[in-house]
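Before any comments, here is the structure.
Order of listing sets the numbers, starting from 1, for every ligand and every atom in it.
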Amino acid sequence: MTLAISNHTLNLQARLDQVEKLIGHTPLYPINKVYSKTGVQIFAKLEWQQLGGSVKARAAFNIIKQAILNGQLTEEKELLDATSGNTGIAYASIGAALGINITLCLPENASEQRKRILESLGVNIVYTSKFEGTDGAQLKAKELYKENPDLYYYADQYANDHNWQAHVTTTAPEIWNATNGKVTHFVAGLGTTGTLMGTTRGLKQFNKNITAVALEPNNPMHGLEGWKHLETAIVPKIYDATVADQFLEIDTVEAFDLVKKIALKEGLLVSPSAAANLLGAIQVAEQIDSGVIVTTFADDASKYRE
Ligand SMILES: Cc1ncc(COP(=O)(O)O)c(C=O)c1O
């Protein structure tokens with residue numbers, strides 16, 4: 001019996017190690033054609049080039065890994081969360097690779113494409129009312145967990161410190177190394193806020209003078225998937241308003257225009273939130289005479305086509 005359990009644990013550990021190789025290590029791409037300024041270089045980190053196709057692979061993997069290592073998540077349990085977005089797809093891809101069951105609460109009006117992706121990856125989907133949006137999905141996840149705490153590991157990405165910590169240990173050192181320590185600014189939009197919180201904290205361990213710039217949509221009805229308008233949304237528990245040095249507002253229409261330019265001039269098919277990040281990086285570039293600005297392209301355009 002003891003042997004069987006330890007083999008089982010060993011197998012899961014081996015699979016964790018294999019999957020970890022597919023997380024992070026994304027390239028930094030120099031943006032030169034949609035924007036250039038002497039003395040200033042903008043780099044975009046191409047975050048779709050990892051398992052599950054988005055930046056959320058980092059947070060989802062760390063959340064799952066830490067929960068397995070501390071015994072909260074086993075093959076007998078199911079990971080539970082509320083998300084129709086990139087985190088859901090990341091949980092689903094990693095869960096399938098590790099043999100961990102995933103249950104996600106989704107508003108019934110989530111796009112057909114996302115439902116198909118999640119179904120293909122074997123997710124157990126619990127649909128919630130389209131009238132209650134993602135807040136309704138979050139309430140349902142909490143309710144399911146309360147009803148059956150022994151069945152579920154409730155990941156709660158908005159409150160889980162392993163979300164932002166993934167960026168301290170992976171995104172930040174990758175940026176520091178790829179720029180040979182020359183990075184001066186890090187710019188990112190706020191969703192769960194994990195990318196900005198963690199990457200900033202990690203970069204400031206290398207050089208406390210690096211400037212962190214947080215981006216927000218300029219109105220509540222912004223349509224920038226993955227981003228939050230924090231003045232009017234539920235503020236994630238992991239968010240700390242003192243981490244960013246500067247805040248900038250981004251216009252959705254300008255972001256969608258930039259998606260087209262990035263495709264035509266840089267050869268990259270990116271998501272609206274990626275273009276929104278580049279708009280923020282360009283605003284920063286306009287303010288400075290010299291520097292190395294790094295931002296993230298959270299995912300590519302494939303999930304946003306009609
Ligand atoms: C497309 C997209 N952009 C940006 C973000 C924001 O990242 P974070 O949650 O780390 O703040 C997300 C998060 O889900 C996302 O899906």
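Atom OG1 of T193 sits about 9.5 Å away from atom NE2 of H167, to the nearest 0.5 Å. Atom CG of D251 and atom CG of N219 lie 7.5 Å apart (nearest 0.5 Å).
Ligand 1 has a nitrogen or oxygen under 3.5 angstrom from a nitrogen or oxygen of K56. Note: no N/O pair closer than 3.5 Å links V55 and ligand 1 by distance alone. Residue Y304 has no N or O atom closer than 3.5 Å to an N or O atom of ligand 1. At a 3.5 angstrom cut-off on N or O pairs, D299 does not count as close to ligand 1. Geometrically, ligand 1 and T192 share a nitrogen or oxygen pair separated by less than 3.5 Å. The shortest N/O to N/O separation between H167 and ligand 1 does not fall below 3.5 Å.
Residue contacts with ligand 1: Y158 is excluded, as none of its non-hydrogen atoms falls under 4.0 Å.
Of all atoms in ligand 1, numbered sequentially from 1 with element shown, those under 4.0 Å from a heavy atom of N86 are 1 (C), 2 (C), 15 (C), 16 (O). Heavy-atom contacts of S273 reach the following atoms of ligand 1: 1 (C), 2 (C), 3 (N), 4 (C) (cutoff under 4.0 Å). Of all atoms in ligand 1, numbered sequentially from 1 with element shown, those under 4.0 Å from a heavy atom of T193 are 8 (P), 9 (O), 11 (O).
Counting only non-hydrogen atoms, the option in A214, A59, G226, G88 that gets closest to atom 5 (C) of ligand 1 is G226.
A side-chain donor-acceptor contact under 3.5 Å links E78 and T103. Side-chain contact of R58 with T26: a donor-acceptor pair under 3.5 Å is present, judged by distance alone. Side-chain atoms of Q246 and Q287 form a donor-acceptor pair, as typed in the model, at a separation below 3.5 Å. Between the side chains of N32 and E266, not a single donor N or O lies within less than 3.5 Å of an accepting N or O.
The aromatic rings of H229 and H222 sit tilted relative to each other, their planes meeting at an angle between 30° and 60°.
A cation-pi arrangement is absent between R15 and F61, since the terminal nitrogen or guanidinium carbon is not both under 6.0 Å from the aromatic centre and inside a 45° cone about the axis.
At the shortest separation from atom 7 (O) of ligand 1 among protein heavy atoms lies T195 OG1, 3.6 Å.
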